[in-house]
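Just so you know, residue 1 is the first one in the sequence shown, and it goes up from there. What you see is a predicted model; the values in this text were computed from it and never measured.
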Amino acid sequence: MDFAQPDESAAAAESMRQFAETEILPVIKGYEERQEFPHPIIEKMGAAGFFGAAFPEELGGSDMGYLAVAAIAEEVSRMAPEFGYAMNMQAMTCPFTIYNWGNADQIRRFVPDLIAGRKIGMFALTEPGGGSDAAGSMKTTARLDGGVYRLNGSKQWITFADACDTGLLFAKTDPEAGHRGITAFIVEPKSHRGFTANPIEMSGLSKCLRSSAVFLDDFPVPVENRLGEEGGGFKIAMNALEWGRLTVSARLVGLAQRCLDEASRYATERVVGGQAIGRYQMVQHLIADMAVNVEAARLMTRRMAWTMDRGEASNRAASQAKYFAGIAAKHAAQSAAEIFAGYALADEYPISKMTAYVNMLCIGEGTPNVQRILIAEDALGYKDANRHPVRNPRAKG
Ligand SMILES: Cc1cc2nc3c(=O)[nH]c(=O)nc-3n(C[C@H](O)[C@H](O)[C@H](O)COP(=O)(O)OP(=O)(O)OC[C@H]3O[C@@H](n4cnc5c(N)ncnc54)[C@H](O)[C@@H]3O)c2cc1C
């Protein structure tokens, strides 16, 4: 077994760090103040290749693989967590699901623009009735009307919906058929009337890269934009979340690492009672636990990426990594807050911001309880977490 990070993913992470320093950090404040979606930055990220690691070169990707996806997601989240969302909407959950489930025409029409950052993506599954039971709470309907489906209903918490050009959206074509009545659609909100996105005010999170409540009023989707078969949407959504868990786990590791970096630096600089607080055993205890948790979460995330790169079933690894990365990141944020004490609340330090993103990412792509259910049912032998056939386009070759 080889634990070394491949040179190309280490290099991709290093260029992500440099990009964040030169292209994001100097300008992001202006976008926040204007509450303006930073499309030019997303497009530069696309041009630099940060979204294409899991895609073949003929679609504009670099074919580096999932370990590189994880390395890039970790680094962008450590440097500028608000841009971590883009790793889901421009690199994995949205375009990768089209690549994995779409026909040749859909892949050609939509994937290259998304991973180049020219078009903005979206993944609209959750509804106001509860995200943990996406199928049971889904009320949005899609009715076939000639050559188009008419979509009616609402979605909640949909990231990038207010800027989306090309997104995935799930609706019931047969409201009586439970999860077998769900169908996946590729939607183009800017091309048709009937799609409204109202950004949700959230404390601590970005005001320019944000999530919205979405309202659909007879919103048309051409038949050729249906992804997969009618009634096949639930399977597609669950598969998409598996890929999403890769980037979300890596993003949590990046946040945890940032909390550790900040807390370590502060502990060596802050002098209280005649010595740096890093000399106090109880502070060292916090730092030691943070360091071990971050490393363990990173190893679990890389193992998930590694199983994906090998084309193996990775649901178990994905749930375990996402669950533990959440624990590690919450612990790191809490410990950093303890070490910074009053200054954790000061805007000059990033601890409150990191904490807000940790809390958000623990919820997205399945709450801790949802992961616990998957992990426990697998461990108890009730439901094998890896029971579904592998659907991994990189494994085909
Ligand atoms: C900032 C942000 C961005 C998001 N972006 C997107 C997006 O782009 N696209 C998208 O589709 N969704 C998105 N989401 C939604 C996210 O996926 C949901 O918030 C998540 O799935 C949880 O759903 P919920 O908030 O409705 O909680 P609920 O489902 O209402 O759960 C509430 C609590 O009950 C627990 N619970 C629920 N059912 C069970 C059970 N059976 N057993 C034990 N405990 C249970 C949960 O674990 C949780 O603790 C986003 C959310 C946030 C906050």
Side-chain angles (χ1 to χ4, degrees), residues 84-85 87-89 92-94 96-97 121-142 151-162 164 167-172 175 177-185 187 189 195-206 209-216 227 233-249 251-252 315 318-323 325-327 329-330 356-377 383 385 388:
Y85 287 126
M87 292 306 294
N88 287 60
M89 302 315 152
M92 289 306 283
T93 328
C94 175
F96 196 74
T97 304
M122 171 186 85
F123 181 82
L125 175 67
T126 307
E127 299 201 356
S132 304
D133 178 23
S137 61
M138 190 176 291
K139 300 270 185 288
T140 298
T141 56
L151 272 53
N152 284 284
S154 60
K155 296 279 168 186
Q156 182 70 358
W157 300 117
I158 306 306
T159 302
F160 290 7
D162 58 334
C164 173
L168 289 180
L169 194 144
F170 298 82
K172 283 198 166 161
H179 69 270
R180 289 196 178 80
I182 297 174
T183 301
F185 297 96
V187 297
F195 184 105
T196 309
N198 291 340
I200 301 167
E201 290 294 327
M202 282 177 278
S203 50
L205 303 183
S206 171
L209 294 139
R210 54 195 174 177
S211 304
S212 294
V214 168
F215 301 94
L216 302 157
L227 189 69
F234 186 68
K235 209 166 44 176
I236 295 175
M238 293 304 107
N239 179 260
L241 293 180
E242 188 180 335
W243 306 107
R245 279 173 195 149
L246 174 65
T247 38
V248 168
S249 303
R251 289 163 64 192
L252 283 161
N315 251 319
S319 274
Q320 291 183 353
K322 202 268 163 171
Y323 178 58
I327 292 174
K330 278 217 165 164
Y357 278 96
V358 167
N359 288 336
M360 185 276 289
L361 284 173
C362 283
I363 296 164
E365 254 76 357
T367 63
N369 278 1
V370 166
Q371 307 308 332
R372 281 190 193 105
I373 292 168
L374 294 166
I375 294 164
E377 295 203 329
K383 267 188 197 167
H388 303 294

Trainee: I need the minimum non-hydrogen distance between Ser249 and Ala325, along with the two atoms involved.
Mentor: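 Answer, listing the atom of Ser249 first, then Ala325: O-CB, 3.8 Å.
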
Trainee: Report the distance from atom OG of Ser206 to atom OH of Tyr357, rounding to the nearest 0.5 Å.
Mentor: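 So the gap between those two atoms works out to 4.5 Å.
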
Trainee: Between the side chain of Gln156 and the main-chain N/O of Val214, is any donor-acceptor distance below 3.5 Å?
Mentor: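 A pair under 3.5 Å: no.
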
Trainee: Which residues pass the side chain to side chain donor-acceptor pair (under 3.5 Å) test with Glu242, not counting sequence neighbours?
Mentor: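 By the side chain to side chain donor-acceptor pair (under 3.5 Å) rule, Glu242 matches Ser314, Asn315.
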
Trainee: To the nearest 0.5 Å, tell me how far Met122 CE sits from Phe160 CZ.
Mentor: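 Between Met122 CE and Phe160 CZ, I get 12.0 Å after rounding to 0.5 Å.
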
Trainee: Could you go step by step and tell me if Thr183 and Lys172 meet the side-chain contact (heavy atoms from CB on, under 4.5 Å) rule?
Mentor: CA-CA 6 Å; Thr183 301; Lys172 283 198 166 161; over 6 Å; no

Trainee: With Thr141, which residues qualify under side chain to side chain donor-acceptor pair (under 3.5 Å), at least two apart?
Mentor: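 Residues passing side chain to side chain donor-acceptor pair (under 3.5 Å) with Thr141: none at all.
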
Trainee: Just by distance, do the side chain of Lys330 and the backbone of Cys362 share a donor-acceptor pair under 3.5 Å?
Mentor: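 Not a single qualifying donor-acceptor pair exists.
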
Trainee: Can you name the closest pair of heavy atoms from Ala171 and Ala142 and give their distance?
Mentor: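 Result for this residue pair: CB-CB, 4.0 Å.
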
Trainee: Give the C-alpha distance, both sets of side-chain angles, the deciding distance and a yes or no for side-chain contact (heavy atoms from CB on, under 4.5 Å) between Met202 and Trp157.
Mentor: CA-CA 10 Å; Met202 282 177 278; Trp157 300 117; 3.7 Å; yes

Trainee: Who pairs with Arg180 by side chain to side chain donor-acceptor pair (under 3.5 Å), at least two apart in sequence or on another chain?
Mentor: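 With neighbours one apart ignored, the set is empty.
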
Trainee: List the steps, then state whether side-chain contact (heavy atoms from CB on, under 4.5 Å) holds for Met360 with Arg251.
Mentor: CA-CA 11 Å; Met360 185 276 289; Arg251 289 163 64 192; 4.0 Å; yes

Trainee: Calculate, to the nearest 0.5 Å, the distance between atoms OG and CD1 belonging to Ser319 and Ile375 respectively.
Mentor: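 With rounding to 0.5 Å, OG (Ser319) is 5.5 Å from CD1 (Ile375).
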
Trainee: For Leu216 and Leu169: C-alpha separation, side-chain torsions, deciding distance, then whether side-chain contact (heavy atoms from CB on, under 4.5 Å) applies.
Mentor: CA-CA 11 Å; Leu216 302 157; Leu169 194 144; 4.0 Å; yes

Trainee: According to ring pair (Phe, Tyr, Trp, His ring centres under 6.0 Å), who are the partners of Tyr323, at least two apart in sequence or on a separate chain?
Mentor: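 Not a single residue meets the ring pair (Phe, Tyr, Trp, His ring centres under 6.0 Å) criterion with Tyr323.
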
Trainee: Pick out which of Gln371, Met92, Gln320 makes a side chain to side chain contact (heavy atoms under 4.5 Å, CB included) with Arg245.
Mentor: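 It is Gln371; the other options fail the test.
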
Trainee: List for me each residue that meets salt bridge (Lys or Arg N to Asp or Glu O under 4.0 Å) alongside Arg210, sequence neighbours excluded, and say none if there are none.
Mentor: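 For Arg210 the salt bridge (Lys or Arg N to Asp or Glu O under 4.0 Å) partners, ignoring immediate neighbours, are Asp162.
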
Trainee: Could you work out, with side chain to side chain contact (heavy atoms under 4.5 Å, CB included) as the rule, every residue matching Ala329, not counting sequence neighbours?
Mentor: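 Partners of Ala329 by the side chain to side chain contact (heavy atoms under 4.5 Å, CB included) criterion, ordered by chain and then number, come out as Leu252, Ala256, Val358.
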
Trainee: If I take atom OG from residue Ser211 and atom CG from residue Asn198, how far apart are they, to the nearest 0.5 angstrom?
Mentor: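 Answer for the OG-CG pair, Ser211 versus Asn198, is 13.0 Å.
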
Trainee: Under the side chain to side chain donor-acceptor pair (under 3.5 Å) test, which residues partner Asn359, sequence neighbours left out?
Mentor: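 For Asn359, no residue satisfies side chain to side chain donor-acceptor pair (under 3.5 Å) once neighbours in sequence are set aside.
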
Trainee: Would you say Leu227 and Thr97 make side-chain contact, with heavy atoms under 4.5 Å?
Mentor: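 A side-chain contact under 4.5 Å exists here.
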
Trainee: Side-chain contact, heavy-atom cut-off 4.5 Å: Thr93 with Glu365?
Mentor: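 SC-SC contact between Thr93 and Glu365 confirmed.
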
Trainee: Closest heavy-atom contact between Leu168 and Cys94?
Mentor: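 What the structure gives for the nearest pair is CD1-O, 3.8 Å.
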
Trainee: Run the ring pair (Phe, Tyr, Trp, His ring centres under 6.0 Å) test against Phe123 and tell me which residues pass, sequence neighbours left out.
Mentor: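 Once residues adjacent in sequence are excluded, the partners of Phe123 under the ring pair (Phe, Tyr, Trp, His ring centres under 6.0 Å) criterion are Phe170.
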
Trainee: Can you give me every donor-acceptor pair (side chain of residues 125-137, partner residue at least two apart or in another chain, under 3.5 Å) with its distance?
Mentor:
{"from": "Glu127", "atom 1": "OE1", "to": "Lys139", "atom 2": "N", "distance (Å)": "2.6"}
{"from": "Glu127", "atom 1": "OE1", "to": "Thr140", "atom 2": "N", "distance (Å)": "3.4"}
{"from": "Glu127", "atom 1": "OE2", "to": "Thr140", "atom 2": "N", "distance (Å)": "3.3"}
{"from": "Glu127", "atom 1": "OE2", "to": "Thr140", "atom 2": "OG1", "distance (Å)": "2.7"}
{"from": "Glu127", "atom 1": "OE2", "to": "Lys155", "atom 2": "NZ", "distance (Å)": "2.9"}
{"from": "Asp133", "atom 1": "OD1", "to": "Gly136", "atom 2": "N", "distance (Å)": "3.1"}
{"from": "Ser137", "atom 1": "OG", "to": "Gly130", "atom 2": "O", "distance (Å)": "2.7"}
{"from": "Ser137", "atom 1": "OG", "to": "Asp133", "atom 2": "O", "distance (Å)": "2.8"}

Trainee: List in chain and number order the residues that pass ring pair (Phe, Tyr, Trp, His ring centres under 6.0 Å) with Tyr85, two or more places apart in sequence or in another chain; answer none if no residue qualifies.
Mentor: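 Once residues adjacent in sequence are excluded, Tyr85 has no partner under the ring pair (Phe, Tyr, Trp, His ring centres under 6.0 Å) criterion.
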
